[in-house]
Every structure is written in structure tokens, then in C-alpha cells.
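Notes for the one structure printed next.
Keep in mind that the numbers below use all heavy atoms, side chains included, and drop hydrogens, waters and symmetry copies.
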Amino acid sequence: MFATILDYIARTNLFNFIIFAAVFALIFWKIDLIGGLEKGRQSIAEKIEDSETKKEEAESNLTAIEDKFSNLENEIEAFIGKSEENANLVGQKIITDANITAENIKAGTSKMADNRAELLKNDIMRRASLAAVEIAKNHIINELMSNHDLHNKLIDESIEAINGGNI
């Protein structure tokens, strides 16, 4: 009976399946498929742990960056405020300096106008004096031409003045 069962098994696919299963079992035993699966599982677990660690580090870095940038807006506002304050001070300084310069120019212009007026006045006085001298000269010449006695009297007085006498 055992022989018939063996004969039946040999003729059917069951025998082929048993040989196939035995070969697979031998191959699995040789290549240590369960150990390989365990190593693969451990590698995946390590990668998951590593990625969790990196995720925590990234979240920590993100929090630090967010903290820096949250304060950055306040720093920018403070910088803008200080820049506006400096610009206002510089603007006021420019306006003050411009006003001082304008006053200096105005004072200088006024002095120049006064000096120019004085020069013109002196020039007019000089011309008027020259004109008066010329008129007096012409008047004296006319008087001397019309009255010869005056001419002789003037000559006599000039000679006395030269000699040291009183006129």
C-alpha cells in the first residue's frame, strides 16, 4: 500500500510539487531569506528612525528661523524709523544751513550794494568836483579876459605869495 501511494505520488503533480517545495526550502535555507527579510526590516526601521530624527532637526531649525524672522520685521521697522529720523535731521540741517547761507548772501549783497553806492557816490563827487573846477576855471578865465586889472592884480598876488608874503 505504501508502494502504491508512492507510485501514485510519483505519477501525479503532487510529487513534482513536493520536489519543487523541497528545492525552494533548500534555496531559502541557503540564502537565508528570513534573515534577509529581517535585515531589510531593520534597515527600513533605521531609515524611518533617521528620517524622524532629521524631521525633528528640520522642525527645530524651522522654529529657530521663524524666531529670527519674527523679530526681523521689528528690526526693519526700527531701522526705517531711525532712517526717517536721520533723514529729518539731515533735512533740517540742510534747511538751516541754506537759511544761514541765504542770510550771508543777503548781508553780503547788501554790503556790496552799499559799497557800490559809495563808489558811485564818490565817482559822482569826483566828477562833480572836476566839473566845478572846470566851471570855476572857465569863470576865472572869463572874468580875467573881461577885466584886465584883475589879471594884473592876480599876477602881483601870486608873485608875493611865491616870495613869502601874505596875500
Practice item. Scan residues 52-62 for pairs that pass salt bridge (Lys or Arg N to Asp or Glu O under 4.0 Å), counting only residues two or more places apart or in two chains. Key: D50-K54
Point to revise | Where at least one partner belongs to residues 129-145, residue pairs that pass side chain to side chain donor-acceptor pair (under 3.5 Å), sequence neighbours excluded | key: none
**Study point:** salt bridge (Lys or Arg N to Asp or Glu O under 4.0 Å): pairs with one or both residues in residues 114-123, sequence neighbours excluded
**Key:** D123-R126, D123-R127
Review point. Taking only residues at least two apart or on different chains, which pairs with a member in residues 93-106 satisfy side chain to side chain donor-acceptor pair (under 3.5 Å)?
Key: K93-D97
**Study point:** Listed once per pair and sorted, the salt bridge (Lys or Arg N to Asp or Glu O under 4.0 Å) pairs that draw on residues 75-89, sequence neighbours left out
**Key:** none
Check your understanding: What distance do L120 atom CG and N115 atom CG have between them, rounded to the nearest 0.5 Å?
Key -> 11.0 Å
Point to revise | Set of residues satisfying side chain to side chain contact (heavy atoms under 4.5 Å, CB included) with respect to N147, sequence neighbours excluded | key: D149, L150
**Study point:** Spatial distance of atom CD1 (I100) from atom CD1 (I95) [nearest 0.5 Å]
**Key:** 12.5 Å
Check your understanding: Does I65 belong to the same Ile/Leu/Val/Met/Phe/Trp/Tyr cluster as I76, with side-chain heavy atoms less than 4.5 Å apart forming each link?
Key -> yes
